[in-house]
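Chain naming here is simple, since letters A, B, ... match the order of the sequence lines and numbering starts at 1 in each.
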Protein chains: 2
Amino acid sequence: MPVTQKDIARYTGLSRSTVAQVLTGLGHQAPETLEKVLNAARELGYRPNSLARALVTGKTQTIGFWYSPFINPVSMHLINGLDKQILPYKLSPINVWNRERSLSLPDEFPVAEWPVDGIIAHNIGHLPDWMWHEGRLNKPFVSLVYDAFPYRPGPEIDTILIQIRPGCQTAVEHLVKTRKRVALLCIESMPLYGDVRVQVYEKAMQAAGRPLETILTPLGQPLRLSTKQAVTAHVKAHGCPDAIFCGNDEQAIAAHGALQELGFRVPQDVALVGNDGLEEAAYHVPSLSTVALPIEEIVSVAWKFLQKRITRPDAPRQYAELKTSFLPRDSS
Amino acid sequence: MPVTQKDIARYTGLSRSTVAQVLTGLGHQAPETLEKVLNAARELGYRPNSLARALVTGKTQTIGFWYSPFINPVSMHLINGLDKQILPYKLSPINVWNRERSLSLPDEFPVAEWPVDGIIAHNIGHLPDWMWHEGRLNKPFVSLVYDAFPYRPGPEIDTILIQIRPGCQTAVEHLVKTRKRVALLCIESMPLYGDVRVQVYEKAMQAAGRPLETILTPLGQPLRLSTKQAVTAHVKAHGCPDAIFCGNDEQAIAAHGALQELGFRVPQDVALVGNDGLEEAAYHVPSLSTVALPIEEIVSVAWKFLQKRITRPDAPRQYAELKTSFLPRDSS
DNA sequence: ATGAAAGCGCTAACAT
DNA sequence: ATGTTAGCGCTTTCAT
C-alpha cells in the first residue's frame, strides 16, 4: 500500500494540511515542523500521487501527441524531439486507432478524454478543427498539417502549416532539367487525394512537354518491401526511368535496392530524390537527395504555440507556415 | 467547463449514483432511466474523466515504457510494437532523463510516480531490480535486459534476457573465416563495460591468432556523424581493414558512407556486419548483414508477462531468454 | 430500481 | 504557524 500524506500526518502528529503545505512548499512552516515532515516522508517512503494532484489542480503535466494511424519515421522523430523539449512535462502518444470506445457511451473521438494538458496533432487533417468547432475538444491544441493535398487549415485552432510544395518544386525542376525520363514513385492513395507531390510533378512534366510516368505502391503494406516490388515490376515491364522522384525517403531507399538488383546504378543510371530529410537519407550510400522537413523548427514552434495557449487560453489564434527545402546530394 | 456526472444527474433529476451506475453499466436500472441518462449524456456532451476514475479504481489503463537515456531505433521499434499490442491500454513512454525532481522531496527515481498500471523497462540494467528490492517500485514490472555486458538478472522481478552473444558469435566467426583483417567498430564505452560484442570479438580474434583492431566512437555525440568521422580518421591513419564488425546497424551504415568516400567498396573490399536487425538494414544497398534482435517476440513476451503480473500479482516470477540470430546478407 | 454516503489522495481557501 | 473544511469527478457499498 502506497504511503500517503495522511500517513505522514498520523506519523508526525501534525494535521494533513500542514503536511500538504510542507510537501508543496507553499505555507510558512516552522523549520522544525518542516524537517519533521520531510524526514517522515523519507522514512516512510512517501511518493506523491500524481493522479490525485492532477484531479484537483486540473493539470496533468502531460502533453499528448496525436499521430495518424500509420505511424511513420516522421512521427517518431517528432515524438523524440518533443520529448526533449517539453520537460518537465511528460509526453503521451495518442493512438486512437482501433481503440475501444466507452462501453455504454459510444464516441468516435476518445482523444478528447486523454488526460493531458494540451495536444499536438500531427497530420490529422481537418478532424481537430471540426472537433474544436463542435466543442468536443476544448483544451490547448496545436495542429500540424501539410499542404500535401489541397488543404485549407481551419481558422480557429493554433496551426502550423508545413509547406512541402516549395522543396518539391525545386527538386522536380532539378530532375527535369538534368534528366530525360523522370518518374514519380508514391503510394497509390496520393494521386487520388491530389497530393501536392503529384501535382508538382505533373505540372512540371507537362510544362516540359514530357510524358507522365508513375509507379504506385499499395497502401497499408510494409512500405519498403512493397516499394521494392513495385519498382522492380515497373522497370521490368516498362524499362528504367533515369530519375525517380519519391514520395518519401524510405521509398527512395527501397527503390535504390530494387534498381541495384536490376543492375542500375545511382546516380549514374538513375537519379533519386526522396522526401522527409531524415537522418537515414543523409547517411545512405550514395547520400540521398531529399526534400527536407524542418523537424527541429516544427517541434520548437509547436511547443512555443502550445505553451502560450496553456498559459494564455484567450490569446489570439497562432499560425505559422514552415517550408521544406530541397537538399541536393549524391543520389541526383 | 467539462460536463460531469453531476450535471447529468441535475439534468435528469436522478441521483448521482444512479447516473454513475448507468454509465459504468453495472447497476440494474429501469430501461426508461437508462435511456434517459444516456440521452442526457449525449446531449450534454458528457465525457468520463479518466483521472477521477483512475484515482478511485487505482487503475489507469496505461502501461509505461521506461527507456534508457539515449533513445535509439530499437526503443522506437519496441514502442511502436507495444503500442499496437496492448490495446485497450495506453502507452506512456517514461523519460526520466533530465527530469525535474520533486521540489521539496528529492528522489532519484520519479519513474515510481508515473501513473501507470505496469512498466516495461528497456535496457535499464540493475536499477529496476534494486528499486524493487528496496520497495520503491511496487507495481507490475517487466525488465528487458541484454547480456551485452556481464549481466546477471536479479532474481525477483519478471525479466526477459535478450542474448546477443549467440548471434554475435556466429557473425564474428563468419568474418574471421572469410576475411583477413577484421576490425571492431563501437562506442567508446563498450570496451570499458566489457560489452559482450567486444568480448566475443576479442576472443575470436585471439583464438585465430589475429591482432585486435578497434575503432571507437565518442559517447553522446550524433551517432552517425561521429561514426563516419571516426572510421575515416582510422582508415586514413592505419589503412583499411577488410571487415568491420559494428556495434549496431546505424554505425554500420555510417561506416559504409565513410568507406565509400574513401574509395572502398562493400562487400568487395570491406565486409560489414551490423547489430540490431532493423528494417533499415535489410533495405540498405548492399543489404546489410546483421545480428538481429527478435523484436516481435520481445514485445509479445513482455506484454504476456506484464498482463499475467497485472492480473495475478502473486504469480511466480517469470523469466525468459530470447536469442539474437545472425542474418548474413550482401554486405559480407 | 434508486438514492445516500463514504472515500480515493490531494490542493487550496479560510479560520484560528 | 497550524488546523479545519470543502471539494476535484468518480466508484462502490449499503440503505431504502
Task: Residue whose nearest DNA chain C nucleotide is more 5′ - Thr18(B) or Ala52(B) - done: Thr18(B)
Open item on the list: Run the ring-ring contact (aromatic ring centres under 6.0 Å, His included) test against His133(B) and tell me which residues pass, sequence neighbours left out.
Closed with: none
Open item on the list: By the definition side chain to side chain donor-acceptor pair (under 3.5 Å), identify the one residue from Tyr146(B), Tyr67(B), Trp66(B) that meets it with His122(B).
Closed with: Tyr146(B)
Take atom [atom1] of [X] and atom [atom2] of [N], then tell me their distance rounded to the nearest Å.
X        : N       : atom1 : atom2 : value
Asn49(B) : dT11(D) : CG    : P     : 9 Å
Leu14(B) : dT16(D) : CG    : P     : 20 Å
Arg16(A) : dG7(D)  : CZ    : C1'   : 12 Å
Lys6(A)  : dT4(D)  : NZ    : P     : 14 Å
Arg10(A) : dG9(C)  : CZ    : P     : 11 Å
Leu55(B) : dA6(C)  : CG    : C1'   : 14 Å

TODO: Assess the pair Tyr89(B) and Trp303(B): is the distance between their ring centroids shorter than 6.0 Å?
DONE: yes
Might you confirm whether atom [atom1] of [X] has over 12 heavy atoms from other residues, nucleotides or ligands at distances under 6.0 Å?
X         : atom1 : value
Glu156(A) : CD    : yes
Glu35(B)  : CD    : no
Glu134(B) : CD    : yes

Task: Axis bend over the full length of the helix from dA1(C)-dT16(D) to dT16(C)-dA1(D), computed from five pairs that close each end, to 10 degrees - done: 40°
TODO: Kindly write out the residues that satisfy side chain to side chain donor-acceptor pair (under 3.5 Å) with Ser143(A), not counting sequence neighbours, or none if the list is empty.
DONE: none
Open item on the list: Heavy atoms from C-beta onward define the side chain here; which of dT11(C), dC10(D), dT2(C) lies closest to that of Gln5(A)?
Closed with: dT11(C)
Task: Minimum-distance nucleotide to Arg53(A) side chain [options: dA12(C), dC10(C), dC10(D)] - done: dC10(C)
Task: OP1 or OP2 of dT2(D) under 4.0 Å from side-chain N/O of Thr33(A) - done: yes
Open item on the list: Is the phosphate of dG3(C) approached by Gln21(B) (side-chain N or O, under 4.0 Å from OP1 or OP2)?
Closed with: no
What does [X] touch in the nucleic acid at a heavy-atom separation under 4.0 angstrom: a base, only the sugar-phosphate, or nothing?
X        : value
Ala20(A) : base
Ser17(B) : base
Leu51(B) : nothing

Open item on the list: Under 3.5 Å, is there any donor-acceptor pair linking the side chain of Ser15(A) to the base of dT2(D)?
Closed with: no
